[in-house]
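These notes are about the structure you will find just below.
Both counts, for ligands and for their atoms, begin at 1 and track the order of listing.
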Amino acid sequence: MNEIAHHISEIKSTLPQGVTLVAVSKFHPAEAIAEAYAGGQRNFGESRVQELAQKVPALPADISWHFIGHLQTNKVKQLLKLHPALIESVDSDRLLRAIDKEAETLGVVQPVLMQVHVAREETKFGFLPDELLEWFANRSFESLKATHICGLMGMASNTDDLARVKSDFSAIASLHRRICEMCPDLRGFDTLSMGMSDDYPIAVEEGSTMVRVGTAIFGSRQY
Ligand SMILES: *Cc1c(COP(=O)(O)O)cnc(C)c1O
């Protein structure tokens, strides 16, 4: 087994059943992804449309690509043509409408996650919890024609304070529960994407169903 595939199998052995591992391959070459693929990995995360556009044709067609980066509305068209399995980083109503419009044009249903911002960093994108609650309370999803909201994605504060990390994940999980209670008719709203290399065990304890791990699989990124 190659080294990358070995890291993946070690991480997977720690994940409970039902938790999906997304291998975050951004800034790593297609060869690294091919090594992970050879070990059976099929879900990969990328954060830039340009980079994804180069990787998709160079790699096997049965890969599920997750888009996890900040997405500008003027890149939506290009991204949807690449058929991402899941856009995890919907951080505004405006972006969601652009995705919905483009998916409708293409005649597809695009799965997405709504990105929540609970972390302390000010530079991170996403809806504030109250904003998102209001968005669901207003049933703003009802007017979507070609988008399936599958759940929430969020990041914890980038800190050594593990109690803070835990409470950030717990806040995202409880937001998810509140939305489910408020909108019991939402179908397939069951994905909770949280946890990265440094904090995924804590995220899993707090109810994550999808972890996005890059560095612990591929090593450090060369930006
Ligand atoms: C880069 C990135 C990750 C992976 O981070 P690592 O610390 O390398 O595991 C996960 N989620 C998002 C949204 C990212 O941008």
Side-chain angles (χ1 to χ4, degrees), residues 3-12 14-15 19-29 32-33 35-36 39 41-52 55 63-72 75 79 84-92 95-96 99 111-128 132 150-162 164-166 168-169 171-173 175-176 191-223:
E3 198 184 347
I4 287 171
H6 182 67
H7 292 154
I8 288 173
S9 86
E10 295 231 300
I11 292 166
K12 276 191 146 166
T14 72
L15 297 176
V19 177
T20 302
L21 173 62
V22 178
V24 175
S25 48
K26 65 186 186 194
F27 294 94
H28 291 286
I33 299 173
E35 286 187 27
Q41 181 66 24
R42 294 294 180 270
N43 294 294
F44 292 91
E46 289 285 336
S47 60
R48 296 183 304 175
V49 176
Q50 206 53 48
E51 188 174 342
L52 183 61
K55 286 174 174 173
I63 286 179
S64 293
W65 296 100
H66 292 223
F67 192 82
I68 61 170
H70 176 59
L71 178 59
Q72 286 165 328
K75 296 274 176 67
L79 176 61
L86 185 61
I87 301 175
E88 298 202 19
S89 44
V90 173
D91 56 10
S92 70
L95 175 62
L96 183 61
I99 292 169
V112 304
L113 302 179
M114 305 296 268
Q115 183 173 350
V116 194
H117 174 113
V118 295
R120 205 158 20 185
E121 291 82 55
E122 284 170 18
T123 55
K124 283 192 178 154
F125 296 100
F127 291 86
L128 296 173
L132 201 58
C150 302
L152 305 181
M153 185 273 262
M155 283 177 254
S157 303
N158 184 11
T159 170
D160 293 336
D161 178 359
L162 297 185
R164 170 75 202 203
V165 170
K166 193 175 170 68
D168 284 349
F169 287 141
I172 299 166
L175 179 64
H176 179 249
T191 300
L192 205 44
S193 175
M194 44 185 211
M196 322 200 325
S197 291
D198 287 339
D199 56 20
Y200 72 86
I202 304 173
V204 167
E205 278 174 31
E206 295 302 318
S208 172
T209 68
M210 185 174 278
V211 295
R212 310 175 311 272
V213 179
T215 309
I217 293 172
F218 296 106
S220 56
R221 292 178 282 273
Q222 308 287 318
Y223 291 106

Using residues 19-27 as the side-chain source, report each donor-acceptor pair under 3.5 Å to any protein atom, sequence neighbours left out, with the distance given to one decimal.
unit_1 : atom_1 : unit_2 : atom_2 : d
S25    : OG     : G45    : O      : 3.4
S25    : OG     : E46    : OE2    : 2.7

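Shown here is D91, whose CG atom has more than 12 heavy atoms of other residues, nucleotides or ligands within 6.0 Å.
Listed by chain and residue number, N2, I4 satisfy the side chain to side chain contact (heavy atoms under 4.5 Å, CB included) test with E35 (two or more places apart in sequence, or in another chain). Remark: D161 pairs with T159, A163, R164 by the side chain to side chain contact (heavy atoms under 4.5 Å, CB included) rule, at least two apart or across chains.
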Give one line per pair: atom of ligand 1, protein atom, distance. Only N/O to N/O under 3.5 Å.
unit_1   : atom_1 : unit_2 : atom_2 : d
ligand 1 : 8 (O)  : T215   : N      : 2.8
ligand 1 : 8 (O)  : T215   : OG1    : 2.5
ligand 1 : 8 (O)  : R221   : NH1    : 2.8
ligand 1 : 8 (O)  : R221   : NH2    : 3.2
ligand 1 : 9 (O)  : S197   : N      : 3.0
ligand 1 : 9 (O)  : S197   : OG     : 2.5
ligand 1 : 9 (O)  : G214   : N      : 2.8
ligand 1 : 11 (N) : R212   : NE     : 2.9
ligand 1 : 11 (N) : R212   : NH2    : 3.4
ligand 1 : 15 (O) : K26    : NZ     : 2.7

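Distance alone, capped at 3.5 Å, places no donor-acceptor pair between the Q50 side chain and the L52 backbone. S197 places a side-chain N or O within 3.5 Å of a backbone atom of T215 that can act as its donor or acceptor partner.
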